[in-house]
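All chains are named by letter (A, B, ...) in the order of the sequence lines, taking the proteins before the strands, and each is independently numbered beginning at 1. The model shown is predicted, which means the values in this text are computed figures rather than measured ones.
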Amino acid sequence: MAAIVSEKLLEWYDANARDLPWRARPGEAAPDPYRVWLSEIMLQQTTVAAVKPYFEAFTRRWPNVEALATAPEEDVMAAWAGLGYYSRARNLVKAARAVAERGGFPDTEEGLRQLPGLGQYTAAAVAAIAFGRRAVVVDANVERVVARLFALTEPLPVVRKAIRVCTESITPAQRSGDFAQAMMDLGSAVCTARSPKCLLCPLATDCRGRAEHDPEALPVKAAKKPKPTRTGEAYWIEREGMVWLARREGKGMLGGMRALPDDGWSARTDGAGVPLLEGEWEGAGLVRHSFTHFTLELSVRRYLGAATPRQEGEWWPIERLDEAGLPTLFAKAARLALA
DNA sequence: AAAACGTGGGT
DNA sequence: TACCCAAGTTT
């Protein structure tokens, strides 16, 4: 059954593979490891549609790993703004420098795993896709396809071990990278989380989930925790066409990113509500922004006084605010302040 | 090992 | 609107 499944899937992939900018171009035998790595980092917990413009911008500006390795971290962080999970950008620079230093990407799963930002999934994916290594590639798509194909009804995360074993059993020795991408394309377009299109599925006749269960109900997931709501304030301080921007601490929420100064809100606590300057303020509106583990109600306040902040920060020209690399939360706040 | 970590799109 | 989900990693 294993060989049959991989053959059917690869045949489906040959006819239905998505045309994505990080895949091998026509005439190329193998894709560029730099582009594969960059795309895989960007795609962590992030949709293809969101990644595409960032991938285009990054590869135009930094065409190879050496170029990225010599880029100032600040520039890379700003270019990443809006994509989320900003530790990825910091690790991206670290990894690029390590790769440039050693003269190229490691070409094995174990070697790749040593680079910052590459966990079990990404190391396996790059090894398989860029270097033709046989590797067991398990992402959320594969989890879903395999849980259904093998009718694995134990809940996540307990079922992960069984999913890995089953995935290993159907991973072919040849074209393991194409197999992985085929599984992901299938999960994305056919074996979807909701309303799977079993009538279009090349594996429908092999699927125990379809024969024995409701495939849509697999994999079973644990209940989610409730998401708290926090409140905070952000401050718009403007002078002569410039706005005062801070830079956030290296780690933690939006770490290392430029930002509007704020009152110290976090996932755990509300902000103190104490403006960083004495004087008059006016309300500019409220931003409601939902993160993975909490929702923030951010009150934006505009400064009416003339004092200068004593905190770390910089005056930034407002007409070039889009180049500051503000995370989406603060881009929304800035939009309100300028409205 | 559970929690932290962003954002945008789909339903 | 509210919730779910997405090519996960790190601590």
Within residues 57-65 of chain A, those residues having any heavy atom closer than 4.0 Å to DNA chain B are none
For this session: Look at the side chain of R247(A) and the backbone N and O of G313(A), then say whether any donor-acceptor pair between them is shorter than 3.5 Å.
Result: no
In whole angstroms, the gap separating P of dC3(C) from NZ of K225(A) amounts to 17 Å
> Applying the 4.5 Å side-chain criterion to the ILVMFWY set and letting contacts propagate, would Y54(A) and L254(A) be lumped into a single cluster?
Replying inline: yes
- Message: Over all strands shown, is L20(A) touching base, sugar-phosphate only, or nothing at heavy-atom distances under 4.0 angstrom?
- Response: base
Between CG of L115(A) and P of dT9(C) the distance, given in whole Å, is 12 Å
**OP:** May I ask you to decide whether R148(A) forms a salt bridge with D206(A), counting only side-chain N to carboxylate O separations under 4.0 Å?
**Re:** no
From CZ of R160(A) across to P of dT9(C) the rounded distance in Å is 11 Å
Kindly confirm or rule out a cation-pi arrangement of R258(A) over W244(A), judged by NZ or CZ under 6.0 Å from the six-membered ring centre and within 45° of its axis?
-> no
When rounded to whole Å, the CG to C1' distance for the pair D139(A) and dA6(C) reads 9 Å
Between K332(A) and H289(A), do the side chains contain an N or O donor and an N or O acceptor separated by less than 3.5 Å?
yes
Looking at every strand, decide which applies to W22(A) at a 4.0 Å heavy-atom threshold: base, sugar-phosphate, or nothing.
base
ring-ring contact (aromatic ring centres under 6.0 Å, His included) filter on W316(A), not counting sequence neighbours, yields none
When rounded to whole Å, the CD1 to P distance for the pair I41(A) and dG8(C) reads 11 Å
Q: Under 4.0 Å between any heavy atoms, over every strand shown, what does P157(A) touch: base, sugar-phosphate, or nothing? Just pick one.
A: nothing
Between CD of Q120(A) and C1' of dT10(C) the distance, given in whole Å, is 14 Å
Quiz item: What does A125(A) touch in the nucleic acid at a heavy-atom separation under 4.0 angstrom: a base, only the sugar-phosphate, or nothing?
Solution: nothing
- Task: Could you work out the separation of dG6(B) and dT11(C) based on their P atoms and round it to a whole Å?
- Result: 14 Å
Interatomic distance, CZ@F330(A) vs CG@L245(A), rounded to 0.5 Å, equals 10.0 Å
**Study point:** Check: Y121(A)/Q44(A) side-chain N/O donor and acceptor closer than 3.5 Å
**Key:** no
note: E143(A), atom CD; dC5(C), atom C1'; distance rounded to Å ~ 13 Å
Next on the checklist: Is R144(A) close enough to dC5(C) that one of its side-chain N or O atoms is under 4.0 Å from OP1 or OP2 there?
Outcome noted: no
Checklist line | Salt bridge R175(A)-D14(A), side-chain N to carboxylate O under 4.0 Å | finding: yes
The contact string for nucleotides 5-11 of chain B, one letter per nucleotide 5' to 3', using protein heavy atoms under 4.0 Å with B, S and - for base, sugar-phosphate only and none, comes out as BBBS-BS
Taken to the nearest whole Å, CG/L43(A) to P/dT9(C) is 12 Å
